[in-house]
Structure formats: C-alpha cells, structure tokens
There are 2 protein chains.
Amino acid sequence: MENTTSNQTAQNDLQVLRTSSLTGALERELEHLILTGELKPGERLNEIQLSSRFGTSRGPLREATRSLQAKGLVDAIRNRGVFVRSISPKEALEIYDIRAALFGLAGRLLTDMVTDAMLARLNEFLDEMDEIAQQRDFDRYYPVNLQFHDFLIRSTNSSMLAQEYKSLVNRLHLCRARGLVQAGGLAVSNHEHREMVDALASGNRERAQEAFFRHVERSKQRFTTTLEK
Amino acid sequence: MENTTSNQTAQNDLQVLRTSSLTGALERELEHLILTGELKPGERLNEIQLSSRFGTSRGPLREATRSLQAKGLVDAIRNRGVFVRSISPKEALEIYDIRAALFGLAGRLLTDMVTDAMLARLNEFLDEMDEIAQQRDFDRYYPVNLQFHDFLIRSTNSSMLAQEYKSLVNRLHLCRARGLVQAGGLAVSNHEHREMVDALASGNRERAQEAFFRHVERSKQRFTTTLEK
DNA sequence: TATCTGACAATTGTCAACAACTTTTAGGAT
DNA sequence: ATCCTAAAAGTTGTTGACAATTGTCAGATA
C-alpha cells in the first residue's frame, strides 16, 4: 500500500515535471513559503540551505528567485543575496490605489456582461456574509470575502486583469504593518458589497466602477487608521 | 584616444556590475532587443547563441530570461526554449483596459496634488502637440505624446503605479497587429489631452479619472478599428 | 511517392567546481 | 577595554561539463 502511494506521487511529480519545470515548482514552493509567512519580510533566502532542502542544485533555485524578484516578492542585492521584500506603508498605500483602480475596472466591465444567474450568485454571497457578519465571526468571514472578490474578478473573463490583481494582493501580504486590518468593519464591508452589486444591477458603468473603486479605497482607509495607532 | 574611450566604457561596465549584476545587464539588453523588434514575437531565444554574443555563460542568461518571463515578455516551454511572447488582439484589448484604469487612477491622484507650475508645464505640452498635429507630423508627435503621458504618470509620485504602467505599455508592444495605430487621430488625441488637463484644473476627482480613462479607451477603439481592416 | 524508423545533431536541464566577494572571528597594537 | 588588521569561514557569481530531450534527415519499407 505504501509502495503504491509513493509510486503514485512519484508519477505525479514526473507528470508535473513534464509540463512544468523544476524551476517553476521551486518558484511556487518559495512563493508559498513567503505568502504563508514561513519566510518573513527581510529574511534572507540562503541558496545552499534552500537548494539542499528541496534536493536540487543552486541553478534552478536561482532562476526561481529571479522570477520572484521580477514579481516583486523578493529583493536581490549583488553578492549579498536575495531577501523577502518588505513593503513599506507608503508602498502599501500605492498598491491599495492600484488595486482600487483595477477593481473599479472589474465593476465597469461586469456591468456590460452581468447576467441574472450572476446576480443571483452574488446575492447568495451577500446573504452568507451578512449571516457571518452578524455573528462577528471574522475567521469565517475572511475566506468568503476573498471568494466573493475572486468571483467578481474572474467573472470579467480578463485573464490579464486577474493576473495583475492577484499580483497586487500578493505584494500587499508583504507589508508587516498589515495585521488583521479589517477585523473591525465586517458589517460595514458587506454594506459596501451590496452597493457594488446594486450598482452592477443598475447597468450604470460609471456608477459600478466608482462603487467598486471606493470599496477598496475604504479598505485602504481602515488600513491607514490601524496604522496610526 | 581610442584607448581611453574603450577604457572608459570598460570602467563603466565594471561600475555597473558593482551595483547591478550581469544578469540584470543581460535582462536590460534582451528587453531592449525585444522592444525594438530585433527579436520578433514568436522568435526563439537561443541560449548558446545569445550567451556567446554577450560573452557570458548560459547561467546568467537563463536567469535573465526567467525574469523576462515573469514580466510577461517571453514564454518558456520546457525542453523547447523561450520565445518572445506574442500578444493576441484579445490580450491587447485586456491590457488596454487595465492601462485605462491605471491612467484614470493617475488622473484621480493628480487632481488632489496639481500645482500651477504643473498645469503650466502641461499647457506647454498641449501647445507643442497642437503645433505638430497641425503639420500632420506623426514622427515628431509620437515622442512628445509619450513624454506627456510619462510626465503625468511620474507626477503622481507613485513608483508602483509608474512601474505597473510601464510594464503594461511594454507588453502592448508585443502585439504584432499594432502598427501605427493612432496615425490617424493626431488632432483628436490632443483634443482629449485638453479635456484631461481641464478636468485636472477643475479639481473634480471623478471627472479627471473619467477623462483620463476615456482617453486610453478611445485609443483602444482606434486600435480595434485598424484591427478590423 | 509517402510514411515510418533510427541514428545523428542541436538544444535545453541540471549539476558540481571554482572564483570573487562579504561577513565573521581571532589576534595584536594602542 | 577598544579599535584596527588579517586570516578564515560562509555565501554568492560564474563557468564548463554532462545528462536528457527535441528536432532533423537519410534510408528502408509499403
């Protein structure tokens, strides 16, 4: 039994390596370590240590870190090494603005392609989040909230937009000062969600864009206020 | 004489290598080759050929291409090589939208920080472009138009925004179908520019955002029409 | 003629070794 | 004790070699 499972995983690994690459796998692994916080902002990525940990040589690992550098997740200093990037509050605010702009675009695009089925699904989300918000259960609210936003972005059918948006969210995770930012405004947040969905249903592009934009901007403000104390 | 200059460039190269890296230099060089069209969309980047051309080994070159891959300028296929990315019309349209959203954000941000000096500089740009447009001199119009947009983006003081915007513009260059798109609408374009500056001067955030947004959207429409014939 | 097969060439994937640089540490001078 | 210096250790930068894969082409077969 143990034999078959290990054979299976070995086959999976091979399957992965046929289409993807060792570098790509390492990159995903490192990205995971960074985003989960196992590798913390400012921490150095030791090539020897990491490559021996993953059982590869330094070459593919270096390629993976170059990719992460281009994505803005690490900084590289020549002859010193690569370090998990640390996003300053100033940079975080800049990213919030860009995220707001992209989310606003999502709202604008969705207005012209929204269906009854989509509105129904969105209202399901709203109801679910309302229920959770009333119980002040942040641990349950957070993932659904994430799903809600993901659903909206993916519904635009713009893979470029989805990719850019994800990249921004990832970088935002690297801001140390970003604790449980929105722990306070659960009900508030969902009120904004309703405004967004209503704007979509109204068919008014500019209104939807503005509603989506402001939702992220308010989240930015909540971040600012928690920052000041 | 020849000796001193070659010594100087050699010193410059060394100076560059102290702060930057060989990989970084290679990446810039490759990016240049791609954006100028010396390496055309779909073309393969031969590691041996390129590394011998630049006088390095394949290691740093591979790291450079990984970075370009993350930036969306090349595609890599395992065991086949990396290829200059070819942006489809569909993807180009998606990028136009994102660019519009970011440019709209620039307008919104600038509204709150615009100075008399900045407005004066912008009006200089407008007058200059008007003059060139009347002469139908596209070769002169294009770089000034670029400068104008660059000036606006940089004036927001958001390095993140500038970086993202530049990345999008770069990728747009990889669309084969994008010839001299806006060769037609010189005067039209500058009329839109005036609307943008006027909106900035009005102090109305939403109006400025919309004006900036629509400017890129109209440029997208011009792209679409040239695409259809 | 068209298609399949297998050897050969070209190219990419990975690795280990060496060179260059940085940081640490130990020793000595003040 | 403090500061400087130089050797040592640790880490990154780069290279060339080898393995694995893909592409090419001549010859055999139907």
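Just so it is clear, the structure is predicted and the values come from calculations on it, not from any experiment. Residue numbers begin at 1 in each chain, while the letters A, B, ... track the order of the sequences.
When the salt bridge (Lys or Arg N to Asp or Glu O under 4.0 Å) test is applied to R80(B), no partner is found at least two apart in sequence or on another chain. Every side-chain contact (heavy atoms from CB on, under 4.5 Å) that E124(B) has, sequence neighbours left out, goes to R121(B). Remark: F54(B) engages no residue in a ring-ring contact (aromatic ring centres under 6.0 Å, His included) (not counting sequence neighbours). In this structure, E29(B) has no salt bridge (Lys or Arg N to Asp or Glu O under 4.0 Å) partners at least two apart in sequence or on a different chain. S159(A) pairs by the side-chain contact (heavy atoms from CB on, under 4.5 Å) definition with E94(B), not counting sequence neighbours. R140(B) is linked by a side-chain hydrogen bond (donor to acceptor under 3.5 Å, both in side chains) to Q135(B), counting only residues two or more places apart in sequence or in another chain. Every residue two or more places apart in sequence or in another chain was checked for a salt bridge (Lys or Arg N to Asp or Glu O under 4.0 Å) with D139(B), and none qualifies. Partners of F213(A) under the ring-ring contact (aromatic ring centres under 6.0 Å, His included) rule, at least two apart in sequence or in another chain, do not exist in this structure.
Residue pairs meeting the salt bridge (charged side-chain N to carboxylate O under 4.0 Å, His left out) criterion with at least one member in residues 97-106 of chain B, sequence neighbours excluded: D97(B)-K220(B).
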Can you name the atoms? Protein N/O to nucleotides 7-11 of chain C N/O, anything below 3.5 Å, with the distance.
{"from": "dT11(C)", "atom 1": "OP1", "to": "N46(B)", "atom 2": "ND2", "distance (Å)": "3.1"}
{"from": "dT11(C)", "atom 1": "O3'", "to": "R44(B)", "atom 2": "NH2", "distance (Å)": "3.3"}

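The C1' atoms of five pairs define one axis at each end of the helix from dT1(C)-dA30(D) to dT30(C)-dA1(D), and these two axes lie 10° apart (to 10°).
In this structure, R66(A) atom CZ and dT12(D) atom C1' are separated by 10 Å, rounded to whole Å.
Near DNA chain C, meaning a heavy atom under 4.0 Å away, the residues from residues 50-65 of chain B are R58(B), R62(B).
Under the 3.5 Å distance criterion, with hydrogens and angles disregarded, a donor-acceptor pair is assigned to the side chains of Q69(B) and R66(B).
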